Amino acid sequence: MRIATWNVNSLKARMPRVEEWLAYAEPDVVCLQETKLADSAFPGLAFGALGYEAAHHGEGRWNGVAILSRVGLDDVTDGFDDDGEPDPEARLLWATCGGVRLASVYVPNGRALEHEQYDYKLSWLERLRANLSRVHDPAASLLIGGDFNIAPTDDDVWDPARFVGATHTSDAERAALAALLDWGLADTFRGYHSEPGLFSWWDYRAGNFHKRQGMRIDLLLATAPLADSVTFALIDRQARKGKLPSDHAPVLIDIDIDPS
DNA sequence: ATGGTCGCGCAGCGA
C-alpha cells in the first residue's frame, strides 16, 4: 500500500501536475494540503475518472485539505474530535482507507515567533496530540500525513543558522512535534533514510530548489504497526521540477500490508 | 544584486 502526502499550493493551479503525478507514482492514498478551494469547487469528478475516491475539507482562498484513495474511503470527518470550538481554518481531515485510519493535516505556519499565529500553531499541535490520546490507540494502525511546517531536527534544514529566531525550527515547535511522536507515532521517512539534506519544501525564490536549499517539513507519521512495515520511502523531487510546480514535493511510503 | 517567486485576485498579503 503506497501512501503519500503533498502540499499542492492551490489544487486549481496544480491539477495538471497532480494528475500527471498520480499516473506515474500510482499511490493508493494521497493526503493533499493547501487546496485553496471551497468544497463546491473541488474536482471530485476528475479524481473519480482517475480511479480515486476523494474527500475535501476546504474554506476557499486559503488552507484546505483532501484525501484521495483507490482502496476505499470511509468514515470521513473533518476537524478535531473533542468538545472544543470548531477550528476556524480548514486544516484537518480524517478517513479510513484500506483499513488504515488516517489524517491529512495542514499545520499552521506560525508566521513569526512573536505572532499570534505562532501561538495558534502550538495550540493546534497540542490539540491534535490531545485528540490522539482521547480517541486513538498507539497500538492500532494510524497515519497522519501532511505539511507540519516544522523541521524535526537541524538535519532537516539546509542552513539551521538562518532559522534561529524564526519559525519551523524553534524548540517549542519541535517539542510539540515530539509530543506527537512520544504518544506513539514514528517519522516514517526518517526511519528509512537517515542522511541529512533531504528536503520536501524549497522557497520559489532565488533558485533555492536547484541550490538544494530547503527543509523537510512534510511528514508521514505512523504508529508502530504501520511504521514497522515500511518497505520504501521517497521524496519525489521530480515533481518539484519543470513547469508550474508546487513549492513542495510529494513524500511517499510503501507499507507491506494488504488493504482491507 | 542585501532581493529574488508564487497564488489569489486585483492590492497587497501569506507562504
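All of these numbers come straight from a predicted model, not from anything done at the bench. Hydrogens, waters and symmetry mates play no part in the numbers below; they use all other heavy atoms, side chains included. Below, chains carry the letters A, B, ... as their sequence lines are ordered, and counting in each starts from 1.
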Could you give the distance separating [M] and [N] at their [atom1] atoms, to the nearest angstrom?
N	M	atom1	value
dC6(B)	dC10(B)	C1'	16 Å
dG3(B)	dG7(B)	P	23 Å
dG4(B)	dC13(B)	P	14 Å
dA1(B)	dG9(B)	P	38 Å

Checklist entry - What pairs with D258(A) under side-chain contact (heavy atoms from CB on, under 4.5 Å), at least two apart in sequence or on another chain? => result none
Checklist entry - Got a sec, which residues hit side-chain contact (heavy atoms from CB on, under 4.5 Å) with V76(A), two or more places apart in sequence or on another chain? => result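 Testing V76(A) for side-chain contact (heavy atoms from CB on, under 4.5 Å), a comparison that skips the adjacent residues, returns A55(A), L73(A), L93(A), A95(A).
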Checklist entry - Residues two or more places apart in sequence or in another chain: which of them pass side chain to side chain donor-acceptor pair (under 3.5 Å) with D39(A)? => result H56(A)
Checklist entry - Apart from I150(A) itself, which Ile, Leu, Val, Met, Phe, Trp or Tyr residues share its cluster (side-chain heavy atoms under 4.5 Å, direct or through members)? => result F80(A), L92(A), W94(A), V105(A), V107(A), Y120(A), W124(A), L125(A), L128(A), L132(A), L142(A), I144(A), F148(A), L177(A), L180(A), L181(A), W183(A), L185(A), L219(A), L221(A)
To the nearest angstrom, how far is [X] atom [atom1] from [N] atom [atom2]?
X	N	atom1	atom2	answer
N149(A)	dG14(B)	CG	P	15 Å
H248(A)	dA15(B)	NE2	C1'	8 Å
Q117(A)	dC13(B)	CD	P	15 Å
K121(A)	dG14(B)	NZ	P	15 Å

Check nucleotides 3-8 of chain B for protein N or O atoms closer than 3.5 Å to its own N or O atoms and list the pairs.
residue	atom	partner	partner atom	Å
dG7(B)	OP1	R14(A)	NH1	3.1
dG7(B)	OP1	R14(A)	NH2	3.2
dG7(B)	O3'	S10(A)	OG	3.2
dC8(B)	OP1	S10(A)	OG	2.3

Item to check | Side-chain ion pair, R127(A) and D82(A), N-O less than 4.0 Å | outcome: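 Yes, this pair counts.
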Next on the checklist: Considering only residues two or more places apart or on different chains, which pairs with a residue in residues 241-256 of chain A satisfy salt bridge (charged side-chain N to carboxylate O under 4.0 Å, His left out)?
Outcome noted: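 Counting only pairs at least two positions apart or across chains, the salt bridge (charged side-chain N to carboxylate O under 4.0 Å, His left out) contacts touching residues 241-256 of chain A are R2(A)-D254(A).
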